[in-house]
Every structure is written in structure tokens, then in C-alpha cells.
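Here's a structure for you.
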2 protein chains.
Amino acid sequence: MKHVTIKDIARHLSISVSTVSRALVNDKNVRKETKEKVLNAARELNYKPNPVATNLKYGHSNTVGVIVPEMVTPFASTVVSGIQSVLYAHGIKVIVADSRENPDMERENLRLMEQFMVDGIIVSLCSYRKNREDYLRLQKAGMPMVFYDRIPYGLDVPQVLVDDYRKSFFLVEKLILGGRKKIVHIQGPEDIYNSKERLKGYMDAMAKYKIPVNESTMVIRTGMTFDEGAEAAERLVGSGMDFDAIFAFTDTLAIGVMNRLRELGKRIPDEVAIASFSGTELSTIVYPKLTTVEPPLFQMGEKAAELILEKIKNPACPNRKETVNAEIRMRESSGIRD
Amino acid sequence: MKHVTIKDIARHLSISVSTVSRALVNDKNVRKETKEKVLNAARELNYKPNPVATNLKYGHSNTVGVIVPEMVTPFASTVVSGIQSVLYAHGIKVIVADSRENPDMERENLRLMEQFMVDGIIVSLCSYRKNREDYLRLQKAGMPMVFYDRIPYGLDVPQVLVDDYRKSFFLVEKLILGGRKKIVHIQGPEDIYNSKERLKGYMDAMAKYKIPVNESTMVIRTGMTFDEGAEAAERLVGSGMDFDAIFAFTDTLAIGVMNRLRELGKRIPDEVAIASFSGTELSTIVYPKLTTVEPPLFQMGEKAAELILEKIKNPACPNRKETVNAEIRMRESSGIRD
DNA sequence: GCAGGTTCCGGGAACGTTCCCGCAATCGTT
DNA sequence: AACGATTGCGGGAACGTTCCCGGAACCTGC
């Protein structure tokens with residue numbers, strides 16, 4: 001499609017390109033009448049500045065890229081809303097790319113953002129150890145970057161995270177104090193750093209109450225989807241093991257587990273209590289409603305946006321680490337009141 | 001961050017910028033040795049072409065923008081996956097912007113895409129009659145555009161849609177044949193065109209079986225969220241009206257209605273059968289599982305991508321209208337077997 | 001009435017590419 | 001051996017902006 005340019009306006013008014021430019025950016029060195037003429041002509045010709053040209057000129061794009069590991073749950077979209085709300089207010093556009101839990105696609109997305117000359121990148125990782133070299137290279141090259149939720153391990157980068165360990169500990173403790181002893185942990189993928197932390201919280205809570213944990217039977221490693229949760233539930237029941245509670249890595253997994261357990265005849269929460277980390281709106285639409293640790297997703301987005309703004313303004317500023325406070329929501333699935 | 005440019009390579013090898021450019025785009029007019037030298041230097045200096053410059057040069061960005069009305073359900077994300085799968089294969093990048101059911105934000109997103117010089121825009125509307133002038137203007141200016149699912153009314157544009165009317169008709173007919181007579185329709189927002197079509201399907205199915213419909217009590221207009229569905233359920237029960245089935249505009253609404261009805265003591269599906277249009281993965285994680293009309297979302301994305309590719313290649317090509325075949329999934333919430 | 005300062009505007013370079021044009025060197029043909 | 005054709009390369013314009021620089025016109029103050 002044909003764009004109206006500053007040149008067209010200049011030609012139309014038979015004045016110079018420079019003057020038009022000045023009029024449009026509100027430079028003082030233009031007569032008010034000239035400015036008005038230009039503004040009118042711009043409106044009349046339906047002129048839209050071409051940001052590509054100014055990007056080229058200035059070397060930045062007024063855009064921040066967000067790379068999310070998945071978009072099927074409301075998790076990412078809520079965080080992105082938070083990001084947009086603060087960045088839009090600063091006149092910065094937001095583009096989103098989805099890695100679909102695939103580190104190679106994440107890498108592709110990263111290159112896409114780089115080539116797009118975004119001013120900064122906000123990332124939630126697929127795997128805490130893949131693509132390290134790329135992130136290191138980008139960081140070294142001075143690209144502002146912020147990580148949230150699914151963060152890398154041992155990299156000095158700005159990040160906003162939940163207190164995975166403590167909140168897992170407390171939630172498992174609540175299950176124990178509610179009378180559950182045979183608590184199984186659905187760990188989720190091992191190459192997500194948070195999964196290690198949440199496991200640790202589970203282990204330590206169990207240890208505090210001197211409940212022995214056989215890691216090979218009571219901790220189940222799996223993926224991130226409903227189906228994988230359901231499958232874990234089947235394996236669990238199939239193994240004949242005795243259990244009275246589940247603590248899952250995410251609500252997606254927990255929902256998969258819970259629904260399949262019910263189909264297999266388990267009464268929730270009477271026979272099996274269900275609880276999970278990473279609660280989203282999904283936790284409230286299932287039956288029974290899910291007890292979860294609910295991170296303030298919108299706020300996480302806001303914080304991430306603030307951190308990236310800092311980095312953009314001053315790339316040399318120290319890498320801050322923000323921890324947000326996740327709420328423990330006791331709902332029907334655990335059979336425990338607050 | 002500092003980018004390595006073609007000039008840096010030229011300087012480094014003390015050859016001309018033109019030669020470097022030719023070597024990089026595989027022009028024949030370069031000696032193989034020279035080409036290799038350039039390629040090596042490019043690798044060594046970690047050169048990345050700056051697409052902003054080529055965009056400016058060629059007037060396009062190799063990017064397609066997708067504007068979605070919401071991102072909290074898996075609806076949009078699944079369609080976007082389909083879009084990405086075909087566009088990525090053509091070397092076209094995809095950026096996503098979320099309108100959050102707000103026509104003003106949609107308008108903003110539209111301008112963002114325009115200013116980004118995307119090669120085409122794929123849109124699902126917030127309102128079927130808002131922002132018409134903008135879409136018309138863009139179309140007149142030659143911007144390739146494709147609409148899906150939530151399409152505009154009476155605009156000759158490429159679009160991919162579901163057969164709202166017929167599938168609604170069939171689903172309601174199934175409810176009737178299953179023995180339900182007092183079927184309430186939760187219509188959803190009136191300014192979504194599909195909502196008119198689905199209402200018509202409902203009305204005609206009821207008419208076919210000579211069931212009188214009092215539109216003012218049996219058709220409820222509301223929004224799109226879980227909460228609005230729940231609220232509708234409350235109003236319904238509060239009104240004391242007798243009903244034995246619900247046909248809702250989307251699964252989101254249906255889920256809101258169903259869960260609240262259960263909380264209010266209604267047995268699903270015995271006392272009230274629930275069915276809805278626009279089924280996503282959410283329909284299968286609730287209890288009982290939801291009977292829905294399930295559009296092939298991924299395929300819708302693929303079709304939309306193909307249509308936009310056509311339009312990009314030849315902006316003058318006729319505006320095709322693709323109808324995809326939505327499946328009716330009978331699940332527990334309706335108490336009716338297929 | 002003239003030096004100096006404003007005000008307003010046009011010319012042109014620059015951002016990183018691509019590509020057309022032209023020139024030199026080499027090649028192939030007779 | 002001499003000529004046109006081909007190959008390989010550099011110069012420079014162009015994409016749409018911004019911005020520096022310089023210059024013309026005007027005003028100010030003595």
C-alpha cells in the first residue's frame with residue numbers, strides 16, 4: 001500500500017521537507033501559520049509518520065518484545081496485560097511472540113526480536129538452561145532484558161519472580177495440618193527452575209513434619225498440559241499406591257489430575273485433596289474449585305515493565321530482582337478452610 | 001545496543017559496501033573468493049542484517065499483524081498457532097496485539113500495525129460495527145486484510161468463518177429432540193455479528209418444533225465473561241422462570257452459567273442441560289464436560305494465513321470467503337448422547 | 001544606517017540497505 | 001591481434017525521517 005510521506009506534503013505546499021518535518025515535531029523555528037498549513041495538509045492527505053524511517057534514524061523502535069512460553073492458559077495473557085498497561089502509557093508498543101514450550105522456537109523468537117530492533121525484551125523461559133549463550137550474548141551487546149516467572153539459573157539479570165520455595169512450603173504445610181499425610185507431588189518439567197524450588201518447598205515441609213518421602217514414587221515428573229496431568233493420575237492410581245493429597249506444579253496439571261481422578265472414582269477432596277501452584281482463572285471454573293498459590297500476574301507484568309523501562313533508560317543500571325507476593329487461595333479442592 | 005553493519009564489514013575488508021551487499025544476497029556478480037571472505041567476516045563480526053533498513057528500502061516488513069479481541073481463553077491462541085504455522089513457513093513473522101474487548105483499543109492496535117508497516121492484518125473484531133471507517137480506509141489504501149470468526153457486517157473482505165446459523169440450529173434441535181422444551185438462550189453482546197446469527201439459529205430451531213419463544217424472557221443479552229454468565233444464571237433463577245436447558249453464545253458464558261446454576265442447587269444435566277457455541281479446551285476441563293459447537297480453531301488460523309498470503313501476493317485478487325466446518329461435540333453437560 | 005541578534009526556512013547529510021550505472025579487467029571469438 | 005562480451009567491483013542514489021548548518025529576511029539598539 002502507498003503511504004503519504006512528508007515529501008508529498010512538502011510538494012503539495014511547495015515548501016521544503018525540512019520545514020514540514022519541523023512543523024510536525026513542533027519545532028519552535030516555524031511560523032505558526034506555516035505550522036498550521038502543514039498540519040492541515042497532513043490531516044487532509046491523511047499523513048501517517050513512517051516509524052520505520054525514524055527507527056532507522058534513531059536506532060530504536062519504541063517497541064518492547066515479550067516472549068512467552070505458552071499462550072493456552074490465561075497466565076501469559078494476564079502478565080502481558082500488566083506489561084501493556086504501563087508500557088502503553090509511555091508510548092511504547094508491545095509485541096508478543098509465543099514459544100510453545102519449545103526452546104528452539106524461543107530462540108527463533110529471540111532472533112526475531114533482535115532483528116526487529118526492539119528496545120528491550122521481556123522473557124519467560126521454556127527451559128532454564130537452554131539458549132544461555134544467546135541471552136549472554138544479547139546481554140553483553142547491551143540489549144535490555146527482563147525475565148519473569150520462569151527465569152534462568154545463575155544469570156545476573158533483572159527479574160521478577162514469585163517466592164516459589166516458601167509458598168510451596170506453606171501450602172504443603174497447610175495440607176499436612178489439614179490432616180493429609182500421603183501427599184504426592186506432581187513436579188512438572190525438570191528443566192524449569194521453578195519446578196526445583198517448588199519441589200524443595202514440598203520436601204522441606206514434609207521433612208518438618210517427619211513424613212518420609214520416597215522420591216521415586218511420591219514425586220512424579222511430567223509435562224505441563226492437562227493431558228499429562230491426567231496421565232499422571234492414571235499412572236498413580238494404576239500403581240496402587242496409597243495417597244490422600246496431590247500438590248501439583250501448575251493449575252493446568254492439577255486440573256488434569258483432578259478430573260481424571262474423579263473419573264476414576266476418587267472423591268475430591270474427601271479421598272484426595274488437590275492443591276497447586278500457579279493459579280489462574282482456570283482454578284475457579286473447575287469443580288471443585290482449586291486450592292492454589294496465586295501469583296499477582298497483572299502486577300508481575302507491571303513490575304517487569306518497570307524494570308525494562310529502567311534498563312532502557314540506563315542500560316548500566318544494576319540488575320534488580322523483584323519478588324512479588326503470591327496469595328494462597330484455599331478453595332474446595334483441598335477440603336481445608338483458611 | 002550497537003549493531004554490526006554492512007559498512008563495518010566493508011571497512012574491515014577494505015572493499016566497497018556494494019560488494020558486501022552483493023555477496024550477502026548471493027548476487028552472481030561477485031567472485032567466489034570475495035564472497036567467501038565476506039561471509040567469513042560476517043560470521044566473525046557476528047553481523048545481523050538490519051531488517052528495518054530493508055523494510056524502509058522495500059516498503060514492507062515481512063510481518064503480519066494479528067489483532068485479537070481477547071487472549072484469556074485459548075480461542076485466540078489456538079487460531080494464532082495456526083496462523084504462525086503457515087506464515088513462519090513462508091518466512092513471515094507474526095506479531096499479536098490484544099484489544100481486550102475494547103473497540104478503542106482495537107483502533108489503537110490497528111494504527112500500531114499500520115505504522116509498523118506490516119504486510120497484512122488478520123483481525124477478529126470486538127464489535128461488528130465499530131471502526132468501520134478505519135477498515136474501509138485501510139482497504140481502500142490497499143492494505144491486505146483478513147477477518148476471522150468475529151467478522152464485520154456487510155463489508156466485502158476476505159474472511160474465514162464458522163457456519164453460526166446452521167450449527168446453532170442443529171445444536172438446539174438436538175436439545176429439543178433430547179426432550180428439552182424450555183430452552184433459554186444466553187445471547188452475548190449484541191454488537192457481535194455472530195451473536196445475531198446464533199440467535200437466529202436458536203429461534204428457527206424452536207420455531208420448527210413449534211415451541212413459542214418469548215424473546216424478552218428466554219433470550220438474555222449479556223457480555224462475554226465467566227462472571228457475566230454467572231450473573232445471568234442468578235437473574236434467571238431469581239426470576240422464577242421455568243427452564244430445562246441453556247444454549248449459550250460461548251463456552252466462557254456457558255461455564256459461568258453452569259457453575260453458578262450448580263451452586264444454586266440445580267442438577268446438571270438432569271434439571272438443566274447446558275450447551276454452547278465456540279467450544280475450546282475449557283469445555284473439557286469443567287464438570288460436567290460441556291456440550292459445544294467446536295470450531296476447528298487451528299485450521300481457521302491456517303485458512304486466514306492462506307488468505308492473507310493471497311492478498312499480499314496479489315492485492316487485487318477477489319475477496320474469498322472460507323467457511324470452516326465446526327463439529328458438534330455432545331458431552332455430559334447436555335445429558336444427550338450423539 | 002549599520003552591527004548584531006532573531007526568526008524562519010532550504011539544502012544536504014545521515015541511519016543501513018539495495019540496486020542501477022559505469023568502468024576496468026579479463027575473456028572468448030574470429 | 002583486435003574487438004565486443006562478460007565478469008567483478010566501486011560510486012552513488014534512493015527509501016522516509018531528523019537535524020545540523022547556513023543563509024535570507026527582519027527586528028533591535030545605538
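Order of the sequence lines sets the chain letters (A, B, ...), proteins ahead of strands, with each chain counted from 1. Any value given below was found using the heavy atoms of this structure, including those in side chains, with hydrogens, waters and symmetry copies removed. Note that this is a predicted model, so its numbers are computed, not measured.
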d(NE2, B:His60; C1', C:dT18) in whole Å: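 Answer to the nearest Å: 12 Å.
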Phosphate-side-chain proximity, B:Lys7 and C:dC15, N/O vs OP1/OP2 below 4.0 Å: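 Yes, because at least one side-chain N or O of B:Lys7 sits under 4.0 Å from OP1 or OP2 of C:dC15.
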Shortest side-chain distance from B:Ser18, nucleotide among C:dC19, D:dT17, C:dC8: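 Taking heavy atoms from C-beta onward, the closest nucleotide is C:dC19.
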Between P of C:dC19 and CG of B:Asp27, the distance in whole Å: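 Value for this atom pair: 8 Å.
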Which nucleotide in C:dG10, D:dT18, D:dG16 has an atom nearest any side-chain atom of A:Thr19: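 So the side chain of A:Thr19 is nearest to C:dG10.
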Side-chain (B:Asp149) to main-chain (B:Leu161) donor-acceptor, under 3.5 angstrom: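 Pair absent, no side-chain N/O of B:Asp149 close to backbone of B:Leu161.
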Check: C:dT18 base within 3.5 Å donor-acceptor of B:Lys57 side chain: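 Yes, the side chain and the base share a sub-3.5 Å donor-acceptor pair.
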B:Tyr193 backbone acceptor or donor facing B:Arg150 side chain under 3.5 Å: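 Checked: no pair found.
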Phosphate OP1/OP2 of C:dC19: any B:Tyr58 side-chain N/O under 4.0 Å: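 So the side-chain polar atoms of B:Tyr58 do come within 4.0 Å of the phosphate oxygens OP1 or OP2 of C:dC19, strictly under.
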Phosphate OP1/OP2 of D:dT18 contacted by A:Arg22 side-chain N/O (<4.0 Å):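 Answer is no, no contact under 4.0 Å.
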Sugar-phosphate only, base, or nothing, as touched by B:Lys35 at under 4.0 Å among non-hydrogen atoms: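 Nothing, no nucleic acid heavy atom in range.
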Any A:Ser16 side-chain N or O less than 4.0 Å from OP1/OP2 of C:dG10: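 A:Ser16 to C:dG10 OP1/OP2: side-chain N or O found under 4.0 Å.
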A:Ser99 side chain to A:Glu101 backbone, donor-acceptor under 3.5 Å: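 Looks like no, no N/O pair under 3.5 Å.
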Ion pair B:Asp104/B:Arg107, N-O distance below 4.0 Å: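 Not counted as a salt bridge, because no side-chain N and carboxylate O are separated by less than 4.0 Å.
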Terminal helix-axis angle for the helix from C:dG5-D:dC26 to C:dT30-D:dA1, with five pairs defining each axis and rounding to 10 degrees: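 Inter-axis angle at the ends, rounded: 60°.
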Length of the line joining A:Ile9:CD1 and C:dC9:P, which is rounded to integer Å: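 From A:Ile9 CD1 to C:dC9 P: 15 Å.
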B:Arg320 bridged to B:Glu322 by N-O distance under 4.0 Å: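 Counted as a salt bridge, because a side-chain N and a carboxylate O are separated by less than 4.0 Å.
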Distance, rounded to the nearest Å, where B:Leu56 contributes CG and C:dA14 contributes P: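 Taking CG of B:Leu56 and P of C:dA14, I get 17 Å after rounding.
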Whichever of B:Ile15 and B:Ala53 has its nearest DNA chain D nucleotide further upstream toward 5':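 It is B:Ile15 whose nearest nucleotide is closer to the 5' end.
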Atom-to-atom span, CG of A:Asn29 to C1' of C:dG5 - whole angstrom: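 After rounding, the reported distance stands at 13 Å.
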A:Ser21, nearest nucleotide to its side chain (from C:dT17, D:dT18, D:dG16):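 Closest nucleotide to the A:Ser21 side chain: D:dT18.
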Closest to the B:Ile6 side chain, choosing from D:dC9, D:dT17, C:dT18: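 Out of D:dC9, D:dT17, C:dT18, the nucleotide with an atom closest to B:Ile6's side chain is C:dT18.
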C:dG16 OP1/OP2 closer than 4.0 Å to side-chain N/O of B:Lys48: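 The answer is no; no side-chain N or O of B:Lys48 sits under 4.0 Å from OP1 or OP2.
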Point-to-point distance, once rounded to the nearest 0.5 Å, from CD1 of A:Ile67 to CE of A:Met105: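 Reported to 0.5 Å precision, the distance equals 11.0 Å.
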Whole-Å distance separating the CG atom of B:Asn55 from the C1' atom of D:dA14: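 Atom-to-atom, B:Asn55 to D:dA14, this comes out as 15 Å.
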Residues A:Thr19 and A:Ser16: side-chain donor-acceptor under 3.5 angstrom: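 Present: a donor and an acceptor within the cut-off.
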Candidates C:dG10, D:dT17, C:dC9 - which lies nearest the side chain of A:Arg31: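 Out of C:dG10, D:dT17, C:dC9, the nucleotide with an atom closest to A:Arg31's side chain is C:dC9.
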Presence of B:Thr34 side-chain N/O under 4.0 Å of D:dC9 phosphate oxygens OP1/OP2: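 Yes, B:Thr34 has a side-chain N/O under 4.0 Å of OP1/OP2 on D:dC9.
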Nearest-angstrom distance from the residue atom CG of B:Asn50 to P of D:dC15: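 Rounding to the nearest Å, CG of B:Asn50 and P of D:dC15 are 18 Å apart.
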Inter-residue atom distance B:Lys35.NZ - B:Asn40.CG, 0.5 Å rounding: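 Here the rounded value is 12.5 Å.
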Below 4.0 Å: OP1/OP2 of D:dG8 and any side-chain N or O of B:Lys28: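 The answer is no; no side-chain N or O of B:Lys28 sits under 4.0 Å from OP1 or OP2.
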